[in-house]
Amino acid sequence: MELPLIDLAPYVDVVTGKFSCDELLHPELKKVCSEVSRSLRETGALLIRDPRCPNEDNDRFIDMMEKYFEQPEEVKRLQERPHQHYQVGSTPGGVEIPRSLVDMEMQKNLRALPKDRRPIIPTGPDLKSRYMWRVGPRPSNTRFKELNSAPVLPEGFPEWKQIMDSWGFKMISTVEAVAEMAAIGFDLPKDSFTNLMKLGPHLLAPTGSDLGRHGEEGTVFAAYHYDINFLTIHYKSKFPGLFIWLRNGERVEVNVPDGCLLIQAGKQLEWMTAGDCKAGMHEVVVTQKTIDAINAAKRENRCLWRVSSTLFSNVASDAVLKPLGHFAKSPTADKYPAMYAGEYFEKELAVINLKGKDGA
């Protein structure tokens, strides 16, 4: 099954770059919004083309992150912030525990899948490294200071802040557009999600996977899991290996077309729709296609780190996470009790070993 591709170009002003979700100006918009919500509901994902996110910007970002991840471990260790839940700075490989390793209910469900649809069941923490860079303004007062910490700036990268902020804000703009479209498609006011995203702890969070050291077929870099945020957005990676599960249990290898972005539903969206839209399950593994890409990179003397251009958009930590609008009357609404988004986030971080060594 191919994911639908939504082109935002008709709704973006070519001069100002502003996105317009006005049904009076765009009579076909309702149909497009229905397609967005349908895809998120049925597959947990969709593809987006946004003229405000050019390939050149992603290339510049990836080039810089490849140089960062290629550094010695002792250099990257200086940017680790375990006492802040690893929500800013560097997270080394071997720290984050995949949910499927510790969640017995999840293990039961994945073992019930046909063998050709099952993920590779993990035996330990993820191999992937990550860098968390906070994008956008933070609240002046919050109950969840660790989730809204200032970003960490590594030495030796003079363009770091400009590149990270520029690319991060552009991807957030895409997420906000999709959020408005999804809200309309779900028969909610168009600002239902975007209002809750204001001052959210949005994270530009590139992952780095060392294919030079761990390039064997079947190696798991990010084991079977869901994302705990609102919507996750990625640009195309240089190395394949991302698989997602559709609502019907089908396992699909994602092929992101050139110049496009992948959107995935996170747990916060599931919460606000009372489970009508489920957080998408996914994994990143080394396949034969990955190995072919590794061999091509070796021939061209290119970097062997697989870097994902990933951003996690979030509901503001002090906002209340609960089923919205008509979803509050859903028979499953009681499974999603009202709580602060930051409270939910911290509970999830504790499960996957990112709550901080000090228990902060």
Side-chain angles (χ1 to χ4, degrees), residues 58-98 101 122-135 145-168 201-216 219-223 225 234 237-239 241 284-286 290 293-294 297-298 300-312 349-360:
N58 180 64
D59 288 346
R60 188 170 61 142
F61 167 78
I62 294 293
D63 288 346
M64 184 180 72
M65 290 311 307
E66 287 177 344
K67 292 175 184 176
Y68 176 81
F69 284 120
E70 284 181 319
Q71 295 180 115
E73 292 301 319
E74 59 268 23
V75 175
K76 291 181 284 187
R77 200 168 294 128
L78 298 173
Q79 289 87 51
E80 292 178 17
R81 298 294 186 271
H83 61 287
Q84 294 172 335
H85 310 341
Y86 291 104
Q87 291 304 288
V88 288
S90 175
T91 306
V95 168
E96 185 173 341
I97 296 174
L101 185 64
T123 58
D126 282 345
L127 290 174
K128 71 176 187 296
S129 303
R130 197 190 290 281
Y131 202 97
M132 297 287 209
W133 178 260
R134 183 81 64 226
V135 179
K145 293 182 180 179
E146 292 85 0
L147 299 180
N148 294 275
S149 305
V152 178
L153 187 67
E155 294 183 1
F157 294 86
E159 294 184 333
W160 182 279
K161 187 178 188 304
Q162 189 275 325
I163 290 175
M164 299 293 270
D165 285 345
S166 174
W167 187 230
H202 310 305
L203 289 166
L204 183 55
T207 57
S209 303
D210 190 352
L211 295 171
R213 291 179 58 198
H214 306 288
E216 301 81 15
T219 299
V220 181
F221 281 107
H225 68 289
H234 314 262
S237 172
K238 294 180 182 178
F239 297 91
V284 178
V285 299
V286 176
T290 316
I294 292 171
K298 287 179 178 178
E300 298 168 12
N301 198 31
R302 290 189 282 109
C303 177
L304 294 180
W305 278 82
R306 183 190 190 275
V307 178
S308 73
S309 187
T310 301
L311 182 136
F312 298 124
L349 292 179
V351 173
I352 59 176
N353 201 37
L354 295 182
K355 188 68 167 67
K357 294 178 182 177
D358 301 329

Participant: Which one of Arg306, Arg302, Lys238 satisfies the salt bridge (Lys or Arg N to Asp or Glu O under 4.0 Å) criterion with Glu66?
Facilitator: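 The option that passes is Lys238.
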Participant: Please output the side-chain donor-acceptor pairs of residues 58-65 that fall under 3.5 Å, not counting sequence neighbours, one pair per line with the distance.
Facilitator:
unit_1, atom_1, unit_2, atom_2, d
Asn58, OD1, Ser309, OG, 2.8
Asp59, OD2, Asn55, ND2, 3.2
Arg60, NH1, Gln162, OE1, 3.1

Participant: Distance from Leu311 atom CG to Met164 atom CE, nearest 0.5 Å?
Facilitator: 10.0 Å
Participant: Determine the minimum heavy-atom distance between Pro206 and Phe69, stating which atoms define it.
Facilitator: O-CZ, 3.6 Å
Participant: Would a distance-only check, ignoring hydrogens and angles, find a side-chain to backbone donor-acceptor pair under 3.5 Å from Asp126 to Ala223?
Facilitator: yes
Participant: So which heavy atom on Phe239 is nearest to which on Ala297, and how close?
Facilitator: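 So the minimum-distance heavy-atom pair works out to CZ-CB, 4.0 Å.
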Participant: Could you check whether Lys76 pairs with Glu73 (Lys NZ or Arg NE/NH1/NH2 to Asp/Glu carboxylate O, under 4.0 Å)?
Facilitator: yes
Participant: Distance check, rounded to the nearest 0.5 Å: Phe221 atom CZ versus His214 atom NE2?
Facilitator: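 Taking CZ in Phe221 and NE2 in His214, the distance rounds to 6.0 Å.
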Participant: Looking at every non-hydrogen atom in both residues, tell me the closest pair between Trp133 and Val152 and how far apart they are.
Facilitator: CZ3-O, 3.2 Å
Participant: Between atom CD of Gln79 and atom CG of Leu153, what is the distance when rounded to the nearest 0.5 Å?
Facilitator: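 Nearest 0.5 Å value for the CD-CG distance: 8.5 Å.
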Participant: Give a yes or no answer on whether the side chain of Gln87 reaches the backbone of His85 with a donor-acceptor pair at less than 3.5 Å.
Facilitator: yes
Participant: Check the pair Leu304 / Lys298 against side-chain contact (heavy atoms from CB on, under 4.5 Å), numbers first and verdict last.
Facilitator: CA-CA 8 Å; Leu304 294 180; Lys298 287 179 178 178; 3.9 Å; yes
Participant: Of all the heavy-atom pairs spanning Asp165 and Arg134, show the shortest one and how long it is.
Facilitator: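 Nearest pair, atom of Asp165 first, then Arg134: OD1-O, 4.3 Å.
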Participant: Quick check against the 3.5 Å criterion: does Arg130 have a side-chain atom that pairs as donor or acceptor with the backbone of Ala205?
Facilitator: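 The answer is yes, because a donor-acceptor pair under 3.5 Å joins these two groups.
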Participant: For Gly93 and Ser129, work out which heavy atoms get closest and say how close.
Facilitator: N-OG, 3.4 Å
Participant: Considering non-hydrogen atoms only, spot the tightest contact between Met132 and Tyr86 and give its length.
Facilitator: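 Looking at all heavy atoms of both residues, the closest pair is CG-O, 3.3 Å.
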Participant: Quick check on Glu159: does its CD atom have over 12 non-hydrogen neighbours (other residues, nucleotides or ligands) under 6.0 Å away?
Facilitator: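 12 or below, so no.
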Participant: Quick one: CZ on Arg213 to CG on Leu127, what's the gap to the nearest 0.5 Å?
Facilitator: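 Interatomic distance, Arg213 CZ to Leu127 CG, rounded to 0.5 Å: 8.5 Å.
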Participant: When rounded to the nearest 0.5 angstrom, what is the spacing between OG1 in Thr219 and CG in Leu211?
Facilitator: 9.0 Å
